[in-house]
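As the structure is a computational prediction, the values presented were derived from the model and not from experiment.
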Amino acid sequence: MAKRTPSKDTLAGLRYVQKLGILAVPGSLEKVPEENEAKADSSLKPQIFGTDDWKSVERAVKDILSDEFVLSEQGKIYNIHQNVKNILRSRTGTFLFDCYREWLTKDLGILASKLKQCKDEILLRSLEEVWCQFYRDTLPLLEAVLLLLKPKGRLSVRCTTLAAFRDVVFFSEDIEGAINNTRDCISSEILHSILVQQTVNDSYPPSKNKLRLETLAAQICNPFLGYLGLFENGNLVVSSNEPAAFAKRRPSADAGPRRISRPFSVQPQQMDTLNQVFKKAIRNKSLKVEVNKKRYH
C-alpha cells in the first residue's frame, strides 16, 4: 500500500498539536542547555543588531508574513526561542519589541498589495482571503515564535500585530465605501475581522483608524457602546464624555509650566525617538571601540 503524502495543511497548520510538539522541542534532550549558562565575556565587542540571533528572528518574521515559513525541521521553533532568549539577554534586547513593529510595518505591505486597486465586492473578497490566512496561520505562528517576548506596557505581540494589520492592510483601500455599497452581502469573515480588530486597544485616546473601526462595528452590532458613545442602528444617539474629559486633562498651551510631582509616562512617539537615539549611540560606541583596536594593532 502506497504511503500517503501529508498535505500542506498537515505540515503547516497550527491545529495539529502533535506536529507542533515535535517542532517546538529539540531533537534530543542532550541539546537542551543547562539553566546555569555561562555569562558572556564583557570584554568582547558588542554586536549590534547584526548577529546571527537577530538575523534569524527577523528572517522568521519575514518568512511567516510572506507565507514562506515551513514547519518541517524538528526543533525549529525551539531554536528561534533560543535566539530570542539570547537577544533579550544582550544589551540590545530592549529594542526587540520596537524592531518587531518596524518589521511588521515593512513586511505587511505584501498583504496590502493584494488589495491594491480593488473595489466593492472584489475588495471584500480579497480582504476576506487575506484575513482568513492571516488570522488562522500567520498570527498564531508569530505568537508562537515570539512567545518569550514579554508585552511592552499594555501591548502584547498579538495586540501589536493586529494593530499593524489594521493600519497597513485593512485600511489600505476604501473599506468603508465597499461595505456601504455591498451592505447586503457582507460575509461573516469580514464581520469577524472588524469585531476582532475593534477589541485592540493600542493607544489612548484611540487612533484615527481605531475610531474608523468603531464606526464600522456600530453598523454591525446594535446597540453598540464605544469610545464616542452609544450607537443605535449605526447612529450616535448618546455622546460620551470621555473625549471632553481627556481634553481637559491635557495641559493648555497658554498655561504656565506644570510642576511634576511624580514620574510621567513617555508617549509612543517620544519612545520611538528615544529608541533611535539609543541605537545610534550604541552604534557610535561600537565604531569607536573598533577604531581604537585598529590603532593599537
Exercise: identify the closest heavy-atom pair between [X] and [Y]:
{"X": "L142", "Y": "T161", "result": "CD1-CG2, 3.7 Å"}
{"X": "P223", "Y": "L230", "result": "CB-CD1, 4.1 Å"}
{"X": "S239", "Y": "L236", "result": "OG-CD2, 3.8 Å"}
{"X": "E128", "Y": "S187", "result": "OE1-OG, 3.1 Å"}
{"X": "C118", "Y": "S126", "result": "SG-OG, 4.1 Å"}
{"X": "N201", "Y": "L155", "result": "O-CD2, 4.4 Å"}

### Task
Using the ring-ring contact (aromatic ring centres under 6.0 Å, His included) rule, collect all pairs that involve residues 96-118, keeping only residues at least two apart or in two chains.
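Pairs touching residues 96-118 that pass the test: none.
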### Query
If you measure only the distance, is there a donor-acceptor pair under 3.5 Å linking the side chains of N86 and R89?
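N86 vs R89: no donor-acceptor pair found between side chains.
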Donor-acceptor pair, [X] side chain versus [Y] backbone, under 3.5 Å?
{"X": "E214", "Y": "Y227", "result": "yes"}
{"X": "K119", "Y": "G177", "result": "no"}
{"X": "Q197", "Y": "S193", "result": "yes"}

Taking the side chain as everything from C-beta on, heavy atoms only, tell me whether [X] gets closer than 4.5 Å to [Y].
{"X": "R166", "Y": "R212", "value": "no"}
{"X": "Q219", "Y": "N180", "value": "yes"}
{"X": "D98", "Y": "K152", "value": "yes"}
{"X": "V200", "Y": "C159", "value": "yes"}
{"X": "L146", "Y": "V57", "value": "yes"}
{"X": "I179", "Y": "I194", "value": "yes"}
{"X": "K85", "Y": "L88", "value": "no"}
{"X": "Y135", "Y": "F165", "value": "no"}

Distance check, rounded to the nearest 0.5 Å: [X] atom [atom1] versus [Y] atom [atom2]?
{"X": "L104", "Y": "C99", "atom1": "CG", "atom2": "SG", "result": "11.5 Å"}
{"X": "K210", "Y": "T215", "atom1": "NZ", "atom2": "OG1", "result": "11.0 Å"}
{"X": "K208", "Y": "S203", "atom1": "NZ", "atom2": "OG", "result": "14.0 Å"}
{"X": "K106", "Y": "L65", "atom1": "NZ", "atom2": "CG", "result": "10.5 Å"}
{"X": "D202", "Y": "L162", "atom1": "CG", "atom2": "CG", "result": "10.0 Å"}
{"X": "L127", "Y": "S172", "atom1": "CG", "atom2": "OG", "result": "8.0 Å"}

Spell out, yes or no, whether [X] and [Y] are grouped together once hydrophobic residues are joined by side-chain heavy atoms under 4.5 Å, including indirect joins.
{"X": "L211", "Y": "F231", "value": "yes"}
{"X": "F171", "Y": "I110", "value": "no"}
{"X": "L228", "Y": "L225", "value": "no"}

### Query
Which residues satisfy the side-chain contact (heavy atoms from CB on, under 4.5 Å) test with S113, sequence neighbours excluded?
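Here no residue qualifies.
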### Query
With D174, which residues qualify under side-chain contact (heavy atoms from CB on, under 4.5 Å), at least two apart?
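Result, side-chain contact (heavy atoms from CB on, under 4.5 Å) vs D174: E176.
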### Message
Whether K55 and D52 form a salt bridge (side-chain N of Lys/Arg under 4.0 Å from carboxylate O of Asp/Glu) is what I want to check.
### Response
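So D52 does not pair with K55 through a salt bridge.
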### Among V145, D53, V61, side-chain contact (heavy atoms from CB on, under 4.5 Å) partner for I80
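Of the listed options, the one satisfying the test is V145.
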### Message
Using side-chain contact (heavy atoms from CB on, under 4.5 Å), reason through I87 and W54 one step at a time and then give a plain yes or no.
### Response
CA-CA 7 Å; I87 293 174; W54 276 95; 3.6 Å; yes
